[in-house]
Amino acid sequence: DYTKNTNANRQQEWEETQLRKALKGPQDTGEDIHVPGSEEYEFVFDDEAGVDFTDETDDVLPEKDAAYENELLTRLEAEQKRVSTIQEMRKLLPVYKYRKDLLDAIRENQILIVVSETGSGKTTQLPQFLFEDGYTKNGKFQIAVTQPRRVAATAVSARVAEEMDVVLGKEVGYSIRFDDKTHPQKTILKYMTDGMLLREFLADPELLKYSCIMIDEAHERTLATDILLGLLKDILLHRKDLKLIISSATMNSTKFSKFFYNCPIFNIPGRRFPVDIHYTLQPEANYLQAAISTIFQIHTKEKVPGDILVFLTGQDEIETAREKIEIIAEKLGSGIKPMIITPIYANLPQEEQEKIFIPTPPGCRKIVLATNIAETSLTIDGIKYVVDPGFVKENSFVPTTGMSQLETVACSRASVDQRAGRAGRVGPGKCYRLFTKWSYYNELELMPKPEIIRANLSNTVLLLLSLGITDLLKFPMLDKPSVSSLSKSLEQLYVLGALNSKGIITRLGRIMCAFPCEPEFAKVLHTSASHHLCAGVLEECLTIVSMLLEATSLFAGQRKATTSNSIAGKVSSDHMLYLRVYEEWANTNYSRLWCQDHKVQYKTLRRVKNIRDQLWRCCERLGFTALNAAATENANGSIVNPESRIAKSFISGFPMNVAQLGTSGYHTTGLKKSGGLNVFIHPSSVVFQQTREEAKKPSRYVLYQQLLLTSKEFIKDCMPVTNESWLQEMVPQVFNSR
Ligand code: CDP
Ligand code: MG
C-alpha cells in the first residue's frame, strides 16, 4: 500500500504495467484469468404473474388559482407515476407471490424461519406485509428488523420509507449506534443493528413495545444476533403474542430450526440466472493489483453492458483501489467508456450511500467497490460482473493472549458462492475469482466461522451479567464459545473493575453497561472524571474517545502525518493529535472553511461532535461531569499537566493494549508477562513519524487502540507511555508483578 509514498518510480512502473495489461486483456497475454472450462450455476426462473395489489395514496389538493392547481396536478401525476412504478416493482419481487402463504404461516406459528435467495425482498417486503396485516395494531406496537450492519439498516429503511411513501424517521425509521432516526410515537417499522436491539433488553427485558421481531441476515451469525436469539428463546415462552421471524440467505437454516424446537422453514424459490465462474491459473500474490487489472479487462473487453461489483476487505483498501483506478482511468482518457466508481463500506456516510443505488446512465459502467456488505445485506441492481479476491476482514480473539485482532482471512466457499450469485440477478453474469480452482475445492472452509467462537466476549458477558444471566454456560446458544474464551473475558472484566473477585458485577460494571460504547472506553471516561491520580480531564478524554469511535475517515488517504503538523504542530501521540484537531476546530466555532483549509473531512468532524454530545449527556446522567468539575476546582480551576492524566486514563481502560519494546522491536503483552506477537507501529501514526524523523529513542511501552493483521502486524492509534510507573499506578493487578 505504501509504494506510492516511498517509491514514485515503482508506482509509475506498476501503473504502466496495469495500462498495458488493461489494454491487452487476458486472452492475449495468457495470464490472470482463465476463461475456458468455466462452471455454471443452475438456471432457475419463475415468471408467474403476481396478484393485484391496492394502492393507498389519497392526496388532496389545496384550493388555489388555476395555474397553481395545474402545476400541482402535473406534480401529482409525476408523483403517482413514481409511486405506482415502485408498487409495480414490489410486485415483481419473488416474495410477493408468497405474501398470503407467508402471512398464514406467521399467523399459525410463533417462530418462522424464512429462507430465500438474496434480493428476493425479505428485508424490504416482509415487514411491510406484517404492517399491512395489522400487526402494529394502529400504532400500538412496533415491528423491529435487525441488521448486522449499520449501512444495511440505514439504506434499507430509506428504501422502505420510499416504498411506503413516508418520510424516513417517522413511520419508518432506523436506529444505529449514535444515530437514532425514529419517532417515539409514530415509528412502526424500525430497522436497527442487532447490537441496538440487544441494548434495548437493558431498558425493556420483555421487549414489550414490539409485536414482531425479524432477525434478518441471521446466516451472518454475528455475536449480537446469536445472543439475541438466545434471549428471545427465553422471552417467547411467556410472550405468546410476540412473533419471531428469522430470515436468512440460503445457508445454515436447519440449524436455526433445531435451535427453536424444530420450527418450520419457509422456503421462497428464487430466480437466478447462470453465472460463469472463472478462476486464475496461479495464486495471486497481490490481489488488489489483480482486481484492478481485472476491472479494466472487463471494462475494455466486455461488449455487454453491466456493472462490476468488486469485493474488497475494508475502507482503506477500497479507498486505495479507488485512487488507483481513477489514476489509470484518467490516463486512458477517452480511450475507454466512462466509469463511475462508487465505494460502499460499513462507515460510509449516509449522503454517500445513495450513490450506489443510482441507475447507471447508458454508455457508462458502474464499478462498485464493496466490503462483504454487498454479499447478502445489500442488493445493487444492474450488476453483471463480480470480481472476487476471496478475502474478508475478521475480528478475532486469541484467548491465550487475551487480545483482539483484525485479520484478513480467506472467505468460506458459502461466501464466495453468495458473492458469485450477485452477478446473476438481472441476467446471465460472470464471476472472476482471483484464486485458483484447486484452492476453491481444497483450501476454502465450507462455512464461515460464527463470530461467537472467535470474538472477544467481554462486552457480551458484561451485558448478560447485567441482565441477571449469571450461568453463562447454560445460556442457550447456537454454538458454544470455548470455556477458555469465556474465562478470559471474565478476567478482563475483573481487571477493568467491572466484576469483583467473586465474578459479580460491580457498580462500575453497571455504569460501563450504560454507555453506548465499549466498556474499555467507559472505563477511560470514568477514570478521567474520578480517579484521584488523574481526575479533571473528562472533557479531553471525551473528545479523544469520540474521535477514536469515528475518525477512520477523518484524513483522506494517507495524509494524516502532513495534515497533523499543519494543525497541531508536534504532538506526542495520535490521541493528542485527535484532541488538538478537534479543539482547533471547536475554536473556530466548528467551521466548515477551517476543515477545507486543513484538508480534514468536515462531515466526519460533525459526526464526532454528535457522538461527543451524546456521550457528554450520558456522563451528566451518571454524575461524571459533577465529579470532574469538583476535581478541576480542587486544582484551582485548571489542571496543570493534562497530557499525563489523559495517558493514565487510557492506561486504566486499555491495560491489555500495551506493547513492550524487546530486542526485536515491539511485542504485544495482553495480560501476560512475556511472549506476545511482534508488531509494528502503523506508518499513519504520528509515533511512527517521530521515530523516523527525529531518530528519537523509542518509548519502552506503547499503548495502542487497534491491532491489525494484514501484510504485517500493525498497531494503530498509538500513545507512548512516557513514564513506566504509570502502568503500576493505574493497573497494579497487571503490572506490579512484571
Ligand atoms: O432481503 P433480500 O435480500 O431478500 O431482498 P431485499 O433487500 O428486500 O431487496 C429487494 C429488492 O429491493 C432488491 O432486489 C432491490 O432491487 C431493491 N432495493 C433497492 O432498489 N434499493 C435498496 N436500497 C434496497 C433494495
Ligand atoms: Mg436482506
Side-chain angles (χ1 to χ4, degrees), residues 44 46 50 82-83 85-99 102 112-131 143-164 168 172 174 189 191-194 214-222 225 245-253 266-273 307 309 342 344 348 350-360 366 368 370 372-384 418-419 421-427 429:
V44 208
D46 196 343
R82 183 185 68 86
V83 172
T85 336
I86 285 188
Q87 296 306 336
E88 288 307 315
M89 277 168 71
R90 288 188 65 193
K91 290 183 199 166
L92 294 175
L93 292 170
V95 295
Y96 185 74
K97 285 195 285 283
Y98 297 90
R99 187 178 185 278
L102 270 165
L112 186 70
I113 296 161
V114 179
V115 176
S116 80
E117 205 71 73
T118 309
S120 316
K122 298 183 295 297
T123 311
T124 54
Q125 306 307 309
L126 273 179
Q128 294 189 67
F129 293 170
L130 292 168
F131 161 66
I143 295 168
V145 186
T146 66
Q147 293 292 322
R149 293 190 182 82
R150 298 158 60 93
V151 189
T154 53
V156 170
S157 59
R159 168 75 186 183
V160 173
E162 196 187 3
E163 288 187 1
M164 290 177 61
L168 179 63
V172 180
Y174 67 80
L189 293 192
Y191 286 84
M192 63 209 299
T193 49
D194 45 13
M214 172 161 156
I215 304 292
D216 201 8
E217 303 282 311
H219 64 271
E220 287 252 353
R221 299 289 312 278
T222 58
T225 287
I245 294 152
I246 298 162
S247 74
S248 154
T250 50
M251 42 178 160
N252 270 339
S253 54
F266 195 111
N267 264 299
I268 300 169
R271 51 173 177 217
R272 187 158 71 176
F273 296 91
D307 299 333
L309 172 62
T342 53
I344 177 91
L348 190 72
Q350 227 199 324
E351 56 278 5
E352 296 279 313
Q353 289 169 22
E354 287 140 28
K355 289 186 193 158
I356 62 163
F357 296 110
I358 299 174
T360 316
K366 184 157 71 183
V368 183
N372 67 337
I373 181 145
E375 192 175 295
T376 59
S377 308
L378 284 183
T379 293
I380 304 151
D381 285 331
I383 300 293
K384 203 168 180 64
Q418 279 289 341
R419 290 176 174 192
R422 314 308 277 141
R425 264 183 44 80
V426 282

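As the structure lists them, so they are numbered: ligands from 1, and atoms in each ligand from 1.
- Of the heavy atoms in R425, only side-chain atoms (C-beta onward) come closer than 4.0 Å to ligand 1.
- For atom 7 (O) of ligand 1, the closest non-hydrogen atom of the protein is T123 CB, 3.8 Å.
- Nearest to atom 3 (O) of ligand 1 among the protein's heavy atoms is G119 N, 2.6 Å.
- For Q87 (side chain) and E163 (main-chain N/O), a donor-acceptor pair under 3.5 Å exists by modelled atom type.
- By the 3.5 Å distance cut-off applied to N or O atoms, Q125 is not counted among the residues near ligand 1.
- The side chain to side chain contact (heavy atoms under 4.5 Å, CB included) test with V114 is passed by exactly one of I245, I246, D216, V95: I245.
- Close contacts between ligand 1 and S120 involve ligand atoms 2 (P), 4 (O), 5 (O) [criterion: under 4.0 Å to a heavy atom].
- Contacts with ligand 1 closer than 4.0 Å are made by heavy atoms of both the backbone and the side chain of T124.
- Side-chain N or O atoms of K366 include one that pairs as donor or acceptor with a backbone N or O of I356 at under 3.5 Å.
- When atom types are taken as modelled, the side chain of Y191 and the backbone of T123 share a donor-acceptor pair closer than 3.5 angstrom.
- A donor-acceptor pair under 3.5 Å is absent between the side-chain atoms of T225 and the main chain of R221, judged by distance alone.
- Using 4.0 Å as the threshold, D381 has a heavy atom nearer than that to some atom of ligand 1.
- Residue-ligand proximity, A155 to ligand 1, at heavy-atom distances under 4.0 Å covers atoms 23 (N).
- The shortest N or O to N or O distance between F357 and ligand 1 is not under 3.5 Å.
- Near G121, with a cut-off below 4.0 Å to any heavy atom, the atoms of ligand 1 are 2 (P), 4 (O), 5 (O), 6 (P), 8 (O), 10 (C).
- Here the rule is side-chain hydrogen bond (donor to acceptor under 3.5 Å, both in side chains) with Q418, and of N372, T376, T118 only T118 fits it.
- Ligand 1 has no N or O atom lying under 3.5 Å from any N or O atom of E163, backbone or side chain.
- When R159, M89, Q128 are ranked by how near their heavy atoms come to atom 20 (O) of ligand 1, first place goes to R159.
- Of the N and O atoms on the side chains of K122 and S116, at least one donor lies less than 3.5 Å from an acceptor on the other residue.
- E217 has no carboxylate O lying under 4.0 Å from a charged side-chain N of R149, or vice versa, which leaves the two without a salt bridge.
- Put simply, the side chain of S377 never gets that close to the backbone of A374: no donor and acceptor are under 3.5 Å apart.
- The parts of K122 lying near ligand 1 are both backbone and side chain, judged by heavy-atom distances below 4.0 Å.
- Because the distance cut-off is set at 2.8 Å, S377 fails to qualify as a neighbour of the Mg ion (ligand 2), as none of its N, O or S atoms comes that close.
- Only the side chain of L93 comes within 4.0 Å of ligand 1, judged by heavy-atom distances.
- Heavy-atom contacts of T118 reach the following atoms of ligand 1: 3 (O) (cutoff under 4.0 Å).
- Nearest heavy-atom pair across M192 and A144 is SD-CB, 3.9 Å.
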